[in-house]
Protein chains: 2
Amino acid sequence: MAESDGLAPAQLETYFALMEAVSLLQHAVERQLRAEGDISYVQFQLLARLAHGEGSLTMTELADGVVYSRSGLTHQAGLLERAGLITRGPSPDDQRATLVTVTDAGRALVDRVLPGHVQVARRLLFEPLTDQDVRTLGDLMARVRTHVRSLPPRSATPRRRRDDDHRSRR
Amino acid sequence: MAESDGLAPAQLETYFALMEAVSLLQHAVERQLRAEGDISYVQFQLLARLAHGEGSLTMTELADGVVYSRSGLTHQAGLLERAGLITRGPSPDDQRATLVTVTDAGRALVDRVLPGHVQVARRLLFEPLTDQDVRTLGDLMARVRTHVRSLPPRSATPRRRRDDDHRSRR
DNA sequence: TATTGTTATACTCTATAACTATA
DNA sequence: TATAGTTATAGAGTATAACAATA
């Protein structure tokens with residue numbers, strides 16, 4: 001198949017099935033987190049990442065993988081800080097950096113919403129899959145994730161635009 | 001494993017790999033559609049669904065699978081109509097219904113963005129996968145999609161709330 | 001000069017509630 | 001009474017650009 005050709009039918013079906021299934025899953029997960037913890041999925045990701053590791057990360061480290069713009073992360077961090085779920089302070093290593101730290105309340109919140117979160121994942125995603133399916137899916141998506149991550153300047157707002165040419169064709 | 005237990009490690013890894021990989025994919029796809037067609041993924045879905053079928057659907061039919069609230073769909077339809085990509089008119093079958101129809105411009109737009117869209121999917125999603133992997137992934141996600149769809153009142157805004165009890169615990 | 005992070009701002013998306021009209 | 005769709009409105013999320021401080 002030439003580079004400019006479309007996807008094979010099997011690929012198209014796979015693509016749409018993946019996008020739709022995950023959209024529905026995301027929707028359900030957002031609802032659960034909002035209902036039980038009054039946080040968004042992004043906020044959950046940030047808290048979970050902090051709570052899972054040492055407890056502190058710089059803004060840049062925290063942004064990595066959550067794809068946002070810097071200002072978006074600042075905004076979210078502001079919300080989490082006002083809610084008492086994280087604190088922000090200077091980094092000893094780099095005077096420019098801000099060190100973000102989960103509070104006990106932040107950890108408690110993660111602990112509180114995690115069971116329900118996991119339950120949604122189990123009910124929507126894992127119920128129709130065998131253990132073997134889960135391992136297979138995990139393997140495939142891990143490869144995709146690694147691949148996608150390796151491709152573009154993925155972290156927050158690279159200083160330059162990604163396509164300064166041919167913008168707004170309509 | 002008891003119902004209230006957490007997920008097995010393999011499940012957790014699978015879940016996070018899936019969510020992150022698809023988030024990155026969605027992000028890339030949104031960017032491509034915005035750059036090449038100045039539309040969102042949701043708008044693309046609506047147009048593609050119309051262009052792919054007979055060309056006309058009622059609002060309710062169109063909403064199905066795109067999960068939105070009715071007002072959200074009305075909003076999107078308004079944007080698409082103002083852009084000349086769809087038209088809205090009365091339905092002959094049901095006087096209450098609005099029949100949405102793709103215009104030629106709408107079809108042309110889908111045709112114009114589809115190659116780039118497909119290219120993003122190929123580059124991010126399919127490049128690290130073998131043909132067999134793609135079939136396997138398609139099979140798994142089709143099952144998940146069917147399962148998720150079968151679960152809750154998935155269409156737009158069911159008149160009643162989904163959990164009138166225990167709201168806002170914090 | 002490059003990088004970290006914030007601010008100000010504007011825009012998009014989504015959701016709730018109230019409403020109209022048809023069934 | 002229930003359903004289809006719209007409107008008004010408000011809130012959350014995201015992004016761009018300009019900026020300050022440090023490397």
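In what follows, chains are A, B, ... by sequence order, proteins preceding strands, each numbered from 1.
- Among the protein residues, B:L79 comes within range of the sugar-phosphate backbone only, with heavy atoms under 4.0 Å from sugar or phosphate atoms but none that close to a base.
- The A:T74 side chain lies nearest to C:dG5 when the options are C:dG5, D:dA15, C:dC13.
- The side chain of B:R88 sits closest to D:dT6 out of D:dT6, D:dT14, D:dT7.
- Separating the CD atom of B:Q26 from the C1' atom of D:dT14 is a distance of 15 Å, rounded to the nearest angstrom.
- Across the interface with DNA chain C, nearest-nucleotide mapping of A:H75 and B:G72 shows A:H75 to be the residue nearer the 5′ end.
- Nearest heavy-atom pair across A:L99 and A:P90 is CB-O, 4.1 Å.
- One interatomic measurement links the two molecules: CD1 of A:I39 to P of D:dG11, which rounds to 21 Å at whole-angstrom precision.
- Remark: nothing in residues 45-54 of chain B comes within less than 4.0 Å of DNA chain D through any heavy atom.
- For B:L80 and C:dC13, the CG to C1' distance is 13 Å, given to the nearest whole Å.
- Dashed line: the shortest gap from a side-chain N or O of A:S71 to OP1 or OP2 of D:dT16 is not under 4.0 Å.
- For A:R88, the salt bridge (charged side-chain N to carboxylate O under 4.0 Å, His left out) criterion is met by A:E81, not counting sequence neighbours.
- Between A:R34 and D:dG13, a side-chain N or O to OP1/OP2 separation shorter than 4.0 Å is present.
- A:T58 contributes no side-chain N or O that forms a donor-acceptor pair with the base of C:dT4 under 3.5 Å.
- A salt bridge (charged side-chain N to carboxylate O under 4.0 Å, His left out) check over residues 43-63 of chain B, counting only residues at least two apart or in different chains, returns nothing.
- Of all nucleotides listed (C:dC13, C:dA15, C:dT4), C:dC13 comes nearest to the side chain of B:Q76.
- Regarding A:M59, its CE atom lies at a distance of 17 Å from the P atom of D:dT22, rounded to whole Å.
- Rounded to an integer number of Å, the gap from CD of A:E30 to C1' of D:dG11 is 14 Å.
- Nearer the 5' end of DNA chain D, as judged by each residue's closest nucleotide, is the contact made by B:L73, out of B:L73 and A:Q43.
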One pair to check against side chain to side chain contact (heavy atoms under 4.5 Å, CB included): A:Y15 and B:L25. What are the steps and the verdict? CA-CA 10 Å; A:Y15 171 67; B:L25 178 58; 4.2 Å; yes
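- Going from atom CG of B:L62 over to atom P of D:dA4 covers 14 Å, rounded to whole Å.
- Between D:dA4 and B:R70, a contact under 4.0 Å exists linking OP1 or OP2 to a side-chain N or O.
- Of the residues in residues 91-99 of chain A, those lying under 4.0 Å from DNA chain D by heavy-atom distance are A:D94, A:Q95, A:R96.
- In this structure, A:T14 contributes its side chain and B:V134 its backbone to a donor-acceptor pair below 3.5 Å.
- Straight-line distance from the CD atom of B:E81 to the C1' atom of D:dT6: 12 Å, rounded to whole Å.
- Between A:S40 and A:Q43 the shortest heavy-atom distance is N-OE1, 2.9 Å.
- Between B:L80 atom CG and B:T87 atom OG1 the span is 11.0 Å, to the nearest 0.5 Å.
- The salt bridge (charged side-chain N to carboxylate O under 4.0 Å, His left out) check on B:R145 picks up A:E20, with sequence neighbours excluded.
- In this view, B:P128 and A:V144, A:H147 satisfy the side-chain contact (heavy atoms from CB on, under 4.5 Å) rule, not counting sequence neighbours.
- Taking the six-membered ring for Trp and the full ring otherwise, A:H52 and B:F16 have centroids separated by 6.0 Å or more.
- In this structure, CZ of B:R82 is placed 13 Å from P of C:dC11, rounded to the nearest angstrom.
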